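Values in this document were obtained by computation on a predicted structure and should not be read as measured data.
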Amino acid sequence: MSFSMKAAALVRPCTPATTTHNSTKNASFSVRCCTMTQTAVRPLQMKSVDSQRVKSWEHLLDPVDFDPTDSLYYSNDVKVADRWEEYQGIRNWEGLLDPLDETLRAEILRYGNFVEAAYRAFDFDSSSPTYATCRYPKRTFLDRTGIPETGYRLTRNLRATSGIQLPRWAEKGPSWVATQSSWIGYVAVCQDKEEIARLGRRDVVIAFRGTATGLEWLENFRAALTPLTNVDSKPGNDGSEPMVESGFLSLYTSGSTESPSLQEMVREEVSRLLQTYSDEPLSLTITGHSLGAALATLAAYDIKTTFKHSPMVTVMSFGGPRVGNRSFRCQLEKQGAKVLRIVNSDDLITKVPGFVLEEDASDVSKNENVYVAGLPSWIQKRVEDTQWVYAEVGRELRLRSRDSPYLNSINVATCHELKTYLHLVNGFVSTTCPFRATVRRVLNNHYGEKVAV
């Protein structure tokens, strides 16, 4: 399956509501859609991207192969300074998601590019002595991953370590099996004065890639909920304690003699940056795809728990699995962390692990009891006490692969690809007009039906 990422940016935008009348049958056809502009998002021409083709464990089932000539979406034309807190979620993105605000679209794609850069920098070659490390030095990292004009500078590389203890014989196995600790992402800080002025603050980005090594895959399958070890974690309104997926927590908190834990590295770097830029407006934006989305959510929770006077913390996650239970979600919301989950309805990863019980509409705002119609209370209680009941966090921007006219096939792998997510974000308009090319196609189908009659 393949599609042109450039084509999506050139699709004719949706037009205002249009009505056509048939004089013989007194029938009418109306298309409701918002007017779109094309100025907010444009392709960024790549300057120097390494030619190695990226291959990962997530690219097994008919993947969208990485093409080093592809352009990443990025725009630094739109000034967001006057409303930057809105775009970071201070009002939970009310009125910005449906229809999708053009400036927010550009911001989502901009942060998605930072995640794509993490994939491009990772050494996927298991036969290489540098397997599972970052292929580029800090100084040229963003240039060589295809986003040279961001105004950001990489300040810290991040590693994740699996807490799974392998038998000794496995240590002599292939590197993709035995690698305990691997490069997972990075921290970058906006340093360009013009970009800081455009954004209205100095922005810190923490970006995480998705699953790549064998032990990371094994951690993904450790899906039972486990209590958070943070001493500041408090029980929810119903007395339950915050719990998260065991494998994700393991990757975030585990360390080794050779490498500190991801948690320690994040805390250390955030502490340093808060001291360095304490006298100016600052934001922390944590972004990731798949496993990286889960780690981004955990990092946001950890930062807000550890640093009592932290700046605004926002998570923009792509194709992320569920992370924790209802109490975890409540604590995350009380702390003030803002989470925007970009979800593809056709992506199975966003529907795991565990399951989610529907909430009583009257209690959603209170974040209290879970309610399932027709379920006896005693069963309800038993279900809630299990280690498999998760809760979705934050706000959701829901997309669908099937809405894109450029996706020639839909399967498990392609629906989960980060490039698919960026493609869908770039084309999404609203729930009534899900893709920029849809209006024209619907009208053409309608006219064809009229002719056939």
Within this structure, what is the [atom1]-[atom2] distance for the pair [X] and [Y], rounded to the nearest 0.5 Å?
| X | Y | atom1 | atom2 | answer |
| --- | --- | --- | --- | --- |
| Leu407 | Leu424 | CG | CG | 6.0 Å |
| Leu298 | Leu295 | CG | CG | 6.5 Å |
| Trp183 | Phe208 | CH2 | CZ | 10.5 Å |
| Arg135 | Arg144 | CZ | CZ | 7.5 Å |
| Phe114 | Leu154 | CZ | CG | 10.0 Å |
| Thr420 | Tyr406 | OG1 | OH | 15.0 Å |

Can you confirm whether Val313 sits close enough to Ile286 that some side-chain heavy atom of one is under 4.5 Å from a side-chain heavy atom of the other?
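Yes, their side chains come closer than 4.5 Å.
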
Working note: Glu417 + Lys419, criterion salt bridge (charged side-chain N to carboxylate O under 4.0 Å, His left out); need CA distance, chi angles, decisive distance, verdict.
CA-CA 5 Å; Glu417 283 283 340; Lys419 291 172 75 173; over 6 Å; no

State which residues pass side chain to side chain contact (heavy atoms under 4.5 Å, CB included) with [X]; sequence neighbours excluded, sorted by chain then number.
| X | result |
| --- | --- |
| Pro353 | Ala223, Glu245, Pro321, Arg322, Tyr390 |
| Ser181 | Arg159, Thr161, Ser259 |
| Arg91 | Glu86 |
| Ser246 | Arg222, Ala224, Thr226 |

Under the rule for side chain to side chain donor-acceptor pair (under 3.5 Å), what residues qualify as partners of [X], not counting sequence neighbours?
| X | value |
| --- | --- |
| Gln275 | none |
| Arg272 | Glu269 |
| Asn325 | none |

For [X] and [Y], does a side-chain donor sit closer than 3.5 Å to a side-chain acceptor?
| X | Y | answer |
| --- | --- | --- |
| Ser256 | Gln180 | no |
| Asn344 | Thr350 | no |
| Asp123 | Thr133 | no |
| Ser317 | Arg341 | no |
| Asp203 | Tyr152 | yes |

Main chain of [Y], side chain of [X]: is a donor-acceptor contact present, judged purely on distance under 3.5 Å?
| X | Y | value |
| --- | --- | --- |
| Lys138 | Thr155 | yes |
| Arg105 | Val425 | yes |
| Thr287 | Met316 | yes |
| Ser430 | Cys433 | yes |

If every non-hydrogen atom of [X] is compared with every non-hydrogen atom of [Y], which pair is closest and at what distance?
| X | Y | result |
| --- | --- | --- |
| Leu262 | Leu251 | CB-O, 4.0 Å |
| Glu216 | Ala212 | OE1-N, 2.8 Å |
| Ser290 | His416 | OG-NE2, 2.8 Å |
| Glu107 | Arg198 | OE2-NH2, 4.0 Å |
| Ile349 | Gly319 | CG2-O, 3.9 Å |
| Arg83 | Leu96 | NH2-CD2, 3.7 Å |

What pairs meet the ring-ring contact (aromatic ring centres under 6.0 Å, His included) rule with one or both residues in residues 262-284, with sequence neighbours excluded?
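Non-adjacent pairs meeting ring-ring contact (aromatic ring centres under 6.0 Å, His included): zero.
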
Any pair counted as ring-ring contact (aromatic ring centres under 6.0 Å, His included), so long as it reaches residues 302-338, sequence neighbours left out:
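Sorted pair list: Tyr301-Phe328.
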
Residue from Asn426, Leu109, Asp347 passing side chain to side chain contact (heavy atoms under 4.5 Å, CB included) with Tyr421
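With Tyr421 as partner, Asn426, Leu109, Asp347 yield a single side chain to side chain contact (heavy atoms under 4.5 Å, CB included), made by Asp347.
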
Is the cationic atom of Arg209 (NZ for Lys, CZ for Arg) positioned less than 6.0 Å from the six-membered ring centroid of Phe122 and within 45 degrees of its normal?
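Verdict for Phe122: a cation-pi partner in Arg209.
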
Do His423 and Phe428 have ring centres separated by under 6.0 Å?
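No.
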
May I ask you to check whether Tyr119 and His289 place their ring centers less than 6.0 Å from one another?
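Centroid distance Tyr119-His289: below 6.0 Å, so yes.
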
Please assess Ser345 against Arg400 for the test side-chain hydrogen bond (donor to acceptor under 3.5 Å, both in side chains), listing each intermediate value before the final yes or no.
CA-CA 5 Å; Ser345 294; Arg400 296 193 312 174; 5.8 Å; no

For the pair Thr285 and Gln88, evaluate side chain to side chain contact (heavy atoms under 4.5 Å, CB included) and give the outcome as yes or no after the intermediate values.
CA-CA 8 Å; Thr285 309; Gln88 290 294 106; 2.9 Å; yes

In sequence, state the C-alpha distance, the side-chain angles, and the governing distance for Arg156 and Glu268, and then conclude on salt bridge (charged side-chain N to carboxylate O under 4.0 Å, His left out).
CA-CA 10 Å; Arg156 180 75 183 255; Glu268 183 179 297; 3.1 Å; yes

Decide yes or no on side chain to side chain contact (heavy atoms under 4.5 Å, CB included) for Val266 and Tyr252, but give the supporting numbers first.
CA-CA 10 Å; Val266 168; Tyr252 188 68; 4.0 Å; yes

Step by step, work out the side chain to side chain contact (heavy atoms under 4.5 Å, CB included) result for Val429 and Phe435.
CA-CA 6 Å; Val429 178; Phe435 213 85; over 6 Å; no

Do the charged groups of Lys304 and Asp302 touch, with an N to O distance under 4.0 Å?
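No, no charged N to carboxylate O under 4.0 Å.
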
With sequence neighbours excluded, give me every salt bridge (Lys or Arg N to Asp or Glu O under 4.0 Å) pair touching residues 273-282.
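Applying salt bridge (Lys or Arg N to Asp or Glu O under 4.0 Å) to every pair that reaches into residues 273-282, excluding sequence neighbours, yields Arg202-Glu280.
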
Check ring-ring contact (aromatic ring centres under 6.0 Å, His included) between Tyr186 and all other residues, then give those that pass, not counting sequence neighbours.
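By the ring-ring contact (aromatic ring centres under 6.0 Å, His included) rule, Tyr186 matches Phe141.
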
What pairs with Phe248 under ring-ring contact (aromatic ring centres under 6.0 Å, His included), at least two apart in sequence or on another chain?
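Phe248: no ring-ring contact (aromatic ring centres under 6.0 Å, His included) contacts found.
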
Verdict with reasoning, Val187 to Leu158, per side chain to side chain contact (heavy atoms under 4.5 Å, CB included)
CA-CA 8 Å; Val187 181; Leu158 301 174; 3.9 Å; yes

Quick one, Ser250 with Glu219, criterion side-chain hydrogen bond (donor to acceptor under 3.5 Å, both in side chains). Give me CA distance, side-chain angles, the key distance, then yes/no.
CA-CA 7 Å; Ser250 172; Glu219 294 282 25; 2.6 Å; yes

